[in-house]
Every structure is written in structure tokens, then in C-alpha cells.
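Here is the structure we will look at.
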Amino acid sequence: MEPNHFPGNISRPIYRKQVRQYLAMVAVLAMVSTSCKDNNPKTNQGSGGGSNEKIEALYYTSVAECKTDMTNQANEYKVLAEAHKAGKLTNAPTPPPIRPEDCEAQMKAAQAEHQRNAPVYSSRADCQTDGVICEPTPSGYHTSGYRPIFGGAYFYPYGNSYTYIYSGGVQRRVLQPSIVYRGTNPDQLITPNGISVPRTTTGKVSTSKAVTAPAPPRPSGTAAKGTISGRSSNKGFGSTFKGTGRGGK
């Protein structure tokens, strides 16, 4: 028997119960939706900028790594775009943030950042005391000494931070690189501000927001002893960021 066949004093409690259940379900879904948005690593960046906040980024140590990953992402995007066009996918896919042909310019910008800001030490021992693996400065460098070895660069594709660099005779707009140094601990990378982050696989990673902090200008000459570790303690960091990427090396 359908509800509207019941006497009025019986059917109304049934409808009211259904309405209460529906309202409760809507409230739960709203709470779940809000929670999901708050935990989205692309948007959950807060205002503190602490080393325990995570962001999604791209990490590469070479042009080849960048090209391989971006080619794979481009192929995946093509498949998803065709599925969306055919009505098999509800939401349109997001295109890759870097074209494979722009990888050389991206990594050239990262190396230029390293050249500008890597501190120079008078000895390898002084350099490695800061927790980084070091190398002699290249021939013709502005200062002779030792500097941290380039450990790759992070690129944050979800903001509006860009830089310009000439590559192949053309000025290109590229994502602003955030460089890191190779740590004496092989599982760690060190930011120019002294923050230790896990060394992850290349490509898309989830890492500390601390990697996006601008690199401070290098001290003049070879007066860099204690520079990186000193930056860490002065800013209240210094602890290892326990984040996750897509596996480890």
C-alpha cells in the first residue's frame, strides 16, 4: 500500500522521518566535502609556511628525467582528453604543466639559480659540516673554493611563479625553480635554507612547502662556514621533514 493510502495520522510521521533522514544525509555529505577540500595538498597550504606543510610539486635532477616524465604525462593526457571528448569521462583532464621541449629551459633555469646562490666555502670540510656533499667550484667561477652539489630542483606548477631564461636563442617563460643540494645522508636533500627533506623519485611528488622558500643570497667570498645550518636554526627549522613522495631512491 502506498503512503498516501494510509490515514493522515500515520503517514505524516513516516514522511517526517524520511525528511529528517534526508537532512542528516545532506549534512554529512557537506562535512565530508569540506574535509576533502581542506586536505587537498594543492590548496592546503595555510599561512604559516612551516616545514611540515605539504605541497604537490615536480622534482627533476636532469633534462632527461623531465622529458621522460612530461612525455608520459602528455600521452596520458591525450588518452584522457579523447575519453572526455567521447563522453566517457565527466571532467576534462588538466594538461601537463611543462611541454617536453621546454624541459631544457626549465633545467637551465635551475642550474642558473644554483650558480647564483650556492654558498662557497674555503674547504671541503667546512662545506660538508653543513650536511651537504660538496665539489670544487668550476674553472672560471667567480670564487675558488667548494660549494654544495646540485641536488635537483622542485617546480610548483599550481601557482603563478615564473621566471624567464634564454634557451635555444629564444626567451622562454618557465616555472620558477626551487633548488636543493645533495645531503651527506643519501636519503636526504637540503634546501638553501637548511631544511632537510626526503629524497624521492622524480616526477610528481608530495614534499615540504619549505622547498619553495627563496634561496638567500650567498655570503661574499668563501665566508660560508655554517651558512646553511645557521639559516635552519635561525628560522626555527632544522628538523627532518617526514613527507612522502612516490617511493624513494
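Every heavy atom of this structure was used, including side-chain atoms; hydrogens, water molecules and symmetry mates were not. These numbers were taken from a predicted model, which means no experiment stands behind them.
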My understanding is that only residues two or more places apart in sequence, or in another chain, count here; which of them pass side-chain contact (heavy atoms from CB on, under 4.5 Å) with [X]?
{"X": "Leu89", "result": "Leu80, Ala83, His84, Pro93"}
{"X": "Gln115", "result": "Tyr141, Arg147"}
{"X": "Asn185", "result": "Asp187, Gln188"}

How long is the span from the [atom1] atom in [X] to the [atom2] atom in [Y], to the nearest 0.5 Å?
{"X": "Thr94", "Y": "Tyr158", "atom1": "OG1", "atom2": "OH", "value": "8.0 Å"}
{"X": "Ser206", "Y": "Glu56", "atom1": "OG", "atom2": "CD", "value": "6.5 Å"}
{"X": "Lys108", "Y": "Ile165", "atom1": "NZ", "atom2": "CD1", "value": "5.5 Å"}
{"X": "Gln106", "Y": "Gln111", "atom1": "CD", "atom2": "CD", "value": "13.0 Å"}
{"X": "Thr202", "Y": "Leu58", "atom1": "OG1", "atom2": "CG", "value": "10.0 Å"}

Open item on the list: Would Tyr154 and Val180 count as a side chain to side chain contact (heavy atoms under 4.5 Å, CB included) here? Give the steps.
Closed with: CA-CA 8 Å; Tyr154 288 92; Val180 285; 3.8 Å; yes
Task: Pairs where residues 66-81 contributes a residue and the test side chain to side chain donor-acceptor pair (under 3.5 Å) is met, not counting sequence neighbours - done: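 Those involving residues 66-81 are Tyr60-Asp69, Asp69-Gln73.
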TODO: Might you confirm whether atom CD of Gln128 has over 12 heavy atoms from other residues, nucleotides or ligands at distances under 6.0 Å?
DONE: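 Correct, the count exceeds 12.
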Open item on the list: If you count every heavy atom of other residues, nucleotides or ligands that lies below 6.0 Å from Tyr162 atom OH, does the total exceed 12?
Closed with: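 Correct, the count exceeds 12.
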Under the disulfide (SG to SG under 2.5 Å) definition, can you give me all pairs with a residue in [range], not counting sequence neighbours?
{"range": "residues 124-180", "value": "Cys127-Cys134"}
{"range": "residues 136-199", "value": "none"}
{"range": "residues 143-189", "value": "none"}

Open item on the list: Show, in sequence, the C-alpha distance, side-chain angles and deciding distance for Glu65 and Tyr59, and conclude whether the side chain to side chain contact (heavy atoms under 4.5 Å, CB included) test is met.
Closed with: CA-CA 9 Å; Glu65 289 175 350; Tyr59 169 66; 5.9 Å; no
Pairs of donor and acceptor atoms involving the side chains of residues 172-179, under 3.5 Å and at least two apart or interchain, shall be tabulated with distances.
| unit_1 | atom_1 | unit_2 | atom_2 | d |
| --- | --- | --- | --- | --- |
| Arg172 | NE | Ser167 | O | 3.4 |
| Arg172 | NH1 | Asp102 | OD1 | 3.0 |
| Ser178 | OG | Val211 | O | 3.3 |

TODO: Output every pair passing salt bridge (Lys or Arg N to Asp or Glu O under 4.0 Å) with a member in residues 82-93, not counting sequence neighbours, ordered by first then second residue.
DONE: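 Listed once each, the pairs would be none.
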Task: Expected output: side-chain Asn193 to main-chain Pro214 donor-acceptor under 3.5 Å - done: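 Yes, Asn193 side chain to Pro214 backbone: donor-acceptor pair under 3.5 Å.
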Atom of [X], atom of [Y] and distance for their closest heavy-atom approach:
{"X": "Ala57", "Y": "Thr207", "result": "CB-CG2, 4.5 Å"}
{"X": "Val132", "Y": "Tyr181", "result": "CG1-CB, 3.9 Å"}
{"X": "Cys103", "Y": "Ile98", "result": "SG-CG2, 4.2 Å"}

Evaluate the side-chain proximity of [Y] to [X]: yes if any heavy-atom separation is below 4.5 Å, no if none is.
{"X": "Ile55", "Y": "Thr212", "answer": "yes"}
{"X": "Ser196", "Y": "Leu189", "answer": "no"}
{"X": "Ser161", "Y": "Tyr156", "answer": "no"}

Open item on the list: Do Met70 and Val63 land in one hydrophobic cluster if side-chain heavy atoms of ILVMFWY residues count as linked below 4.5 Å?
Closed with: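 Both belong to a single hydrophobic cluster.
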Open item on the list: Using the salt bridge (Lys or Arg N to Asp or Glu O under 4.0 Å) criterion, which residues pair with Glu101? Sequence neighbours excluded.
Closed with: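 With neighbours one apart ignored, the set is Arg99.
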- [ ] Given side chain to side chain contact (heavy atoms under 4.5 Å, CB included), test Val120 with Tyr146 step by step and report yes or no.
- [x] CA-CA 5 Å; Val120 179; Tyr146 294 84; over 6 Å; no
Task: Partner residues of Phe155 under the ring pair (Phe, Tyr, Trp, His ring centres under 6.0 Å) criterion, sequence neighbours left out - done: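 Partners of Phe155 under the ring pair (Phe, Tyr, Trp, His ring centres under 6.0 Å) test: none.
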Task: Hydrophobic cluster partners of Val79 (side-chain heavy atoms under 4.5 Å) - done: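 In the cluster with Val79 there is nothing else; it is isolated.
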Task: Pair Tyr121-Asp130, side-chain donor/acceptor within less than 3.5 Å - done: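 Result is yes, a qualifying pair exists.
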